[in-house]
Amino acid sequence: MQAPSVGGVMLPRGNGQAVRLSRGASLTDFAEKINANPASLVGVMMNLGEMVTATQSVSDETLKLLADEMNFVLEIVSPEEEDRELLESFDIEFGEDEGGEEALVSRPPVVTVMGHVDHGKTRLLDAIRKTNVIAGEAGGITQHIGAYQVGAEVNGEDRRITFIDTPGHEAFTAMRARGAKSTDIAILVVAANDGVMPQTIEALNHAKAADVPIVVAVNKIDVEGADPTKVRGQLTEFGLVAEEYGGDTMFVDISAKQGLHIDQLLEAVVLTADASLDLRANPDQDAQGIAIESHLDRGRGAVATVLVQRGTLRVGDTMVVGDAYGRVRAMLDDKGENVEEAGPSTPVLVLGLTNVPGAGDNFLVVDEDRTARQIAEKRAARERNANFARKGVRFSLENLDEALKAGLVQELNLIIKGDASGSVEALESSLLQLDVGEEVDIRVLHRGVGAVTESDIDLATGSDAIVIGFNVRAAGRAQQMADREGVDVRYYSVIYQAIEEIEAALKGMLKPEYEEVELGTAEIREIFRSSKLGNIAGVLVRSGEVKRNTKARLLRDGKVVAENLTISGLRRFKDDVTEIREGFEGGINLGNFNDIKIDDVIATYEMREKPRG
């Protein structure tokens with residue numbers, strides 16, 4: 001077989017030689033590897049029926065097509081491998097403790113709480129932390145992840161335990177897997193009245209795959225029908241044998257609601273760690289670890305909760321987290337107090353990053369700002385190239401089934417925006433695991449933290465993607481732009497609703513009966529206190545019209561802070577009115593809801609029946 005030639009120029013033959021390229025590489029990158037002219041590779045692609053420029057990021061499939069044509073074997077370098085090579089180029093080793101035995105000191109165990117939905121994981125964390133997390137969460141489900149440290153007295157000695165608080169819905173196996181990589185011990189919560197459920201088994205298998213010891217918390221022992229013995233028997237079938245039955249797994253009967261036996265559970269965690277694990281790290285090296293959660297704070301900028309795994313992180317250190325970097329301006333512990341340094345197994349909130357990193361991104365401390373910037377920029381460029389290499393066809397969830405049947409689409413492109421990176425990560429991993437047959441692939445073109453912006457709509461327009469807003473809304477003119485361009489923007493406040501709706505659409509079962517129609521938005525300019533009515537918002541109606549007795553939600557910095565509110569009172573000067581139009585000022589009373597601030601936006605809407613077809 002002769003070597004391909006373009007314009008009389010003979011191109012090199014691979015003869016089975018391997019070519020290593022990263023995701024989203026261009027023909028120029030390929031040409032450099034095989035010592036060829038990029039323009040000639042453009043010609044080869046034209047002969048193959050593909051119009052590609054020399055510098056354009058192309059998909060893995062396109063690169064493979066070119067490699068096969070020229071008899072090269074294409075190897076796409078995994079992001080992890082690429083990252084390791086990147087760090088090696090800066091003489092940085094990640095993940096290894098430096099120094100000998102004498103340099104290592106003991107560290108607290110890092111614990112993740114797992115279990116079936118509604119079996120009381122959040123309430124258990126709540127009881128341990130003695131603060132109320134449940135009240136602020138939609139549907140009673142943990143939507144964000146964070147980390148905090150608690151103390152426990154074991155054999156007269158004060159010990160500390162670090163808890164990672166992960167999303168509670170067990171569909172998020174990728175989030176769980178990532179959590180377990182940073183986890184030493186898993187607490188498996190099983191309700192004594194329900195026993196072992198499908199998601200209990202899923203969480204159990206996940207913990208086993210991660211090879212972490214398990215402590216079982218048998219919860220709800222105070223409710224009717226509770227049978228802790230039955231739970232022990234059921235879990236024996238899955239290889240968890242209680243100590244009292246001759247096994248090596250510690251079972252603790254608790255009531256998170258009543259706060260019963262929480263101390264014994266913490267003691268069991270410490271004893272299991274001592275018996276099964278050698279938890280030591282070097283506190284004297286440069287800090288390394290993992291980002292647990294991150295978000296954009298209006299007053300502080302990009303903030304990230306990081307878990308230090310080895311070394312000591314100090315204020316003033318230069319760190320790089322994924323594609324974000326910066327000098328640590330301040331660190332806060334889980335109580336919101338400033339700390340100067342954080343040793344192994346300590347979670348802290350870090351201020352001073354250039355942008356919001358992804359949950360699960362590794363962090364490391366480097367000597368110079370310039371090194372941090374170069375690593376972050378190369379990571380960002382790699383991610384950008386991989387995103388540019390993806391392409392697709394536009395549609396909405398409603399007409400997806402028709403597009404599938406007509407063969408117009410083979411993949412569903414998504415853009416995911418959320419209020420925190422942990423939620424975005426969890427939603428993305430759950431959607432990518434949906435089993436919808438071979439007709440369609442799901443691709444996440446972009447994910448990020450913050451409101452849906454005009455640039456998101458731009459990307460959706462160009463790539464025919466559907467935009468998902470999780471606990472955030474469209475900012476500024478983004479919604480008008482989406483309406484104009486026909487981009488489908490979906491809003492959710494509970495993760496599994498998004499998963500169910502997209503799965504239903506992919507399976508051709510989506511039959512929407514009602515749709516939400518935005519009526520108007522009003523910006524709060526002043527707040528008036530009334531002894532009879534509570535807080536009254538002095539507003540300027542920015543768009544549409546605000547009507548009495550309609551539904552409303554409160555937005556703060558583009559994020560939804562309250563849902564299912566009702567416009568219970570409207571006033572213009574001293575008169576009660578039924579509506580206030582765009583451009584006019586007035587007063588709005590939201591009934592019993594009083595947590596309003598100046599610059600908040602009240603968005604009103606109604607549910608209208610949507611014609612099917």
Side-chain angles (χ1 to χ4, degrees), residues 94-95 107-114 121-122 125 128-129 131 133 137 142-150 160-169 172-187 206-207 210 212 281 287-297 300 302-313 317 319-326 328 330-336 339 342-353 355-365 418-429 447-449 470 495:
F94 185 87
R107 62 173 180 82
V110 180
V111 179
T112 297
V113 178
M114 299 178 174
K121 296 180 301 297
T122 301
L125 288 164
I128 293 169
R129 187 171 25 176
T131 59
V133 176
E137 297 186 357
T142 311
Q143 305 293 351
H144 302 156
I145 60 175
Y148 54 92
Q149 212 169 55
V150 299
R160 300 201 70 72
I161 304 171
T162 298
F163 282 89
I164 293 180
D165 180 7
T166 49
H169 197 281
F172 313 134
T173 49
M175 174 68 87
R176 295 290 182 204
R178 200 216 36 245
K181 284 175 189 168
S182 58
T183 299
D184 301 314
I185 292 178
I187 292 179
H206 165 84
V212 295
Q288 296 181 353
I290 191 168
I292 299 294
E293 175 58 293
S294 55
H295 65 277
L296 203 57
D297 186 285
R300 299 167 172 168
V303 297
T305 302
V306 300
L307 176 69
V308 181
Q309 292 176 314
R310 59 194 64 81
T312 300
L313 183 63
D317 282 349
M319 68 189 301
V320 55
V321 194
D323 61 357
Y325 68 96
V328 180
M331 292 192 299
L332 306 175
D333 64 13
D334 47 26
K335 300 174 191 67
V339 290
S345 294
T346 305
V348 282
L349 187 75
V350 172
L351 280 63
L353 297 174
N355 55 293
V356 179
D361 283 348
N362 290 321
F363 85 80
L364 50 95
V365 168
D419 56 344
S421 58
S423 307
V424 174
E425 182 98 5
L427 182 53
E428 178 189 27
S429 60
R447 64 167 194 251
V449 176
F470 181 74
I495 292 178

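The analysis underlying the following values was restricted to heavy atoms, covering all of them including side chains, and did not include hydrogens, waters or symmetry mates. Just so you know, these numbers come straight off a predicted model, no measurement behind them. Heads up: numbering here begins at 1 and tracks the sequence.
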Handout entry: Side-chain (Glu293) to main-chain (Thr305) donor-acceptor, under 3.5 angstrom
Key = no
Handout entry: Heavy-atom closest contact (Gly289 atom, Gln309 atom, distance)
Key = CA-OE1, 3.4 Å
Practice task
May I ask you to test the Thr183-Met114 pair for a side-chain heavy-atom distance under 4.5 Å?
Solution key: no
Completion exercise
Note: Arg160 and Pro109 closest approach over all heavy atoms is O-CD, 3.4 Å
Fill in the blank from the handout: Scanning both residues in full, the closest heavy-atom pair of Ser429 with Ala426 reads OG-O, 3.0 Å
Exercise for the section: Without swapping roles, check the side chain of Asp317 against the backbone of Val328 for a donor-acceptor pair under 3.5 Å. Expected result: no
Problem - Partner residues of Arg447 under the salt bridge (Lys or Arg N to Asp or Glu O under 4.0 Å) criterion, sequence neighbours left out - result: Glu425, Glu428
Completion exercise
Tightest non-hydrogen contact, residues Gly326 and Leu353, listed as N-CD2, 4.1 Å
Exercise for the section: Would you give the length of the straight line joining atom OG1 of Thr346 to atom OH of Tyr148, rounded to the nearest 0.5 angstrom? Expected result: 15.5 Å
Completion exercise
Closest non-hydrogen atoms of Val308 and Gly343, given as atom of the first, atom of the second and distance, are CB-O, 3.4 Å
Completion exercise
The reported gap from CZ in Phe163 to CG in Leu125 (rounded to nearest 0.5 angstrom) is 7.0 Å
Practice task
Under the side-chain contact (heavy atoms from CB on, under 4.5 Å) rule, collect the residues that match up with Ser345, sequence neighbours excluded.
Solution key: Arg107, Pro108, Val110, Thr162
Exercise for the section: Considering non-hydrogen atoms only, spot the tightest contact between Gly322 and Asp361 and give its length. Expected result: CA-OD2, 3.5 Å
Exercise for the section: Using modelled atom types only, decide if a donor and an acceptor are shared between the side chain of Ser294 and the backbone of Pro357 within a distance under 3.5 Å. Expected result: yes
Problem - Approximate separation, where rounding is to 0.5 Å, of Gln288 CD and Phe363 CZ - result: 8.0 Å
Handout entry: Side chains of Ile495 and Phe470 in contact at under 4.5 Å (non-hydrogen atoms)
Key = yes
Completion exercise
Partner of Thr112 under side chain to side chain contact (heavy atoms under 4.5 Å, CB included), picked from Ile185, Ile187, Ile164, Asp184, is Ile164
Fill in the blank from the handout: Sorted by chain and residue number, the side-chain contact (heavy atoms from CB on, under 4.5 Å) partners of Val449 (sequence neighbours excluded) come out as His295, Val356, Ser421
Fill in the blank from the handout: CG (Leu313) and CE (Met331) are apart, to the nearest 0.5 Å, by 4.5 Å
